[in-house]
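Read through the structure below, which is laid out as structure tokens, and then see the notes.
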Amino acid sequence: MCGIVGYIGPRNATPIVLNGLKRLEYRGYDSAGLAVLTPQGVQVRREVGKLHRLQALVESEPLAGNLGIGHTRWATHGEPSRRNAHPHLSETGKVVVVHNGIVENFLALREELAAEGAQFRSDTDSEVIAHLIERFLSREADLVEASRQALQLLEGSNAVVVISTLEPDKIVAARLGNAGGVVIGFGEGEMLVASDLPAILEHTRRVAFLEPRQMAVVQAHGAEVMTLERRPVPVQPTVVPWDPVAAEKGAYRHFMQKEIHEQVRGLTDTIAGRVDFEGGKVFLDSLNLTPALARRVRKIFITACGTAYHAGLVGKVLLERIARVPVEVMVASEFRYADPLVSPDDVVLAISQSGETADTLAAMEEGRRKGATLWAIVNAIGSQAMRMADGYISMQVGPEIGVASTKAYTAPLVDLYMLAVLLGDLRGTLPEAERRRLVKDLRLTPDLVGQALAREEEVMAVARAMKEVRSCLYIGRGIDMATAYEGALKLKEISYIHAEGYPAGEMKHGPIALLDEETPVVAIAPQGPWYDKMVSQVEQAKARHARVIAVATEGDELIPPIADAVLWVPPAPWLLSPVVTVVPLQMLAYHIAAMRGLDVDQPRNLAKSVTVE
Ligand code: M6R
């Protein structure tokens, strides 16, 4: 989705803004632009397509100044084009705006402004903001007051950043709803604003996040924050721990490949400091889970989107088996419309890498409205989900840049496992010996993932054989069902090959009709409670002449003679096995997409954090 960067200070804003936009490329976009206040007035460059095209335009038509804002656009209103790319200018060119989100009442506002004589130059909803601010400026408000009055008229969840030729010493930034974050970076004699941390981390790690309905007036020496009602808000910058180098590709060809390999380290950090192996205990302090709350919990509603939803499906098995708490998993985009039967004795647990996914935040709001305790498992530090929740578990895997989520899938699986152990312990539903065994097993996880990763070359051979297929089925049972869904999602989103995840037992109720020599089946069949059933599923697929690629446990002797290829994984305790079985599927999707020459990290039509409904 759209990205925003702004700079004010003694340096030339142009390279800083362009570089910041580069760091936001992973979010997905189709056009980009920047505006810089130069001695000749405000100058704007906008271009369709990837940032290197905007860069080339800036090289041929340079612009320099100490104040600049930039934007990467993911089209919602109007096709990707130069005229629809941001920044947008008011009629006189005195007000310049970049915007993330959707102005839900833009048609009404546009009609009203057009009736007053405003001429629109784009098809976007965003342009109305520039015109509105200019309307209030012409009524003798200053930039801050004009912006404040204009922003109050907007409906929807938006982030807006404004500069003006009339007041060249400031940037006005506002966050209007839950989606569309705004972070302010405090440098030495310079300040930055952005939609996301990676855009500014190379300049400063001292940051403050705006809450919904807050605006900031950012000047080179600092920032003032106030509510949209103009009540002052104390600004307390925090220091974020992320290392800018963590957001570099290093020796890897793509971020996705790097992030797949970072899982060993990520899982080590996920467990570190949260487990006492001697005593067989788990500690999740930031969750604020008291024994009283643990005993009171009637039901847990897990809500999330995409990959995070699949993690939730595994979480249901873990929490029900280990802690014996009933769990319902709901896609977040449906949650608030389903009028779910949530009561104050329930927990709504959101899982989100970005912590900014609009649907997930809306589901959390619904949980809050119904009086539930809110928990979140999030990766992005300081994100809205983290701040909304009564307690949270942070994923500890560092920034995830590739659009296809990988390390932010395996980390929450381990978080959910630890949560299940802690809950079972506090509720008295988990016998001590069992608890000690489960905690001991955790120690194995990073190494098991490392062993699965070491088989990358074998996975590449399978990828070579599969890279031209048109359609593919992924099947699994029980705890491996979610792995089938996740493997299929990985393949489809980055390789554009149709792939479907299916509960293996459902094959004979319909999907088996699809099977022939052209449609391979990826069968998740590790040793565990469903192994025998999966062996017969593989037989059934083979009987329909389908090519079978099986994920199987090293040492298995039944699978190799009946499968066409095997993706081996090391033996793992079955409740932790989803952390391991997904690894070859991540690598398979990655290599197929890379072999097809596709843009692995920024697949078409997708965005890293989906901040609109
Ligand atoms: O930031 P979130 O975890 O809330 O994002 C949820 C989904 O948008 C995300 O997992 C998406 O499905 C990924 N592209 C999957 O690889």
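Note that this is a predicted model, so its numbers are computed, not measured. Just follow the structure's listing: the first ligand is 1, and inside any ligand the first atom is 1.
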How would you list, by chain and number, every residue that makes a side-chain contact (heavy atoms from CB on, under 4.5 Å) with Ser333, sequence neighbours excluded?
Val331, Asp359
Under 3.5 Å, which donor-acceptor pairs link side chains of residues 471-478 to any protein atom two or more places apart or in another chain?
residue: Ser471; atom: OG; partner: His498; partner atom: ND1; Å: 2.8

Listed partners of Arg464 passing salt bridge (Lys or Arg N to Asp or Glu O under 4.0 Å), at least two apart:
none
Honestly, is Arg596 close enough over Tyr496, meaning NZ or CZ under 6.0 Å from the six-membered ring centre and within 45° of the axis?
no
Do the rings of Phe335 and Phe301 sit parallel, tilted or perpendicular, given the 30° and 60° boundaries?
perpendicular
Any idea how His86 and His71 line up, ring-wise: parallel (<30°), tilted (30 to 60°), or perpendicular (>60°)?
parallel
Quick check on ligand 1: any N or O pairs to the protein under 3.5 Å? One line per pair.
residue: ligand 1; atom: 1 (O); partner: Ser354; partner atom: N; Å: 2.9
residue: ligand 1; atom: 1 (O); partner: Ser354; partner atom: OG; Å: 2.6
residue: ligand 1; atom: 1 (O); partner: Thr357; partner atom: OG1; Å: 3.3
residue: ligand 1; atom: 3 (O); partner: Gln353; partner atom: N; Å: 2.7
residue: ligand 1; atom: 4 (O); partner: Ser352; partner atom: OG; Å: 2.6
residue: ligand 1; atom: 4 (O); partner: Thr357; partner atom: OG1; Å: 2.5
residue: ligand 1; atom: 10 (O); partner: Thr307; partner atom: N; Å: 3.1
residue: ligand 1; atom: 12 (O); partner: Thr307; partner atom: N; Å: 3.4
residue: ligand 1; atom: 14 (N); partner: Val403; partner atom: O; Å: 3.2
residue: ligand 1; atom: 14 (N); partner: Glu493; partner atom: OE1; Å: 2.8
residue: ligand 1; atom: 16 (O); partner: Thr307; partner atom: OG1; Å: 3.3
residue: ligand 1; atom: 16 (O); partner: Ser405; partner atom: N; Å: 2.8
residue: ligand 1; atom: 16 (O); partner: Lys490; partner atom: NZ; Å: 3.0
residue: ligand 1; atom: 16 (O); partner: Glu493; partner atom: OE1; Å: 3.3
residue: ligand 1; atom: 16 (O); partner: Glu493; partner atom: OE2; Å: 2.5

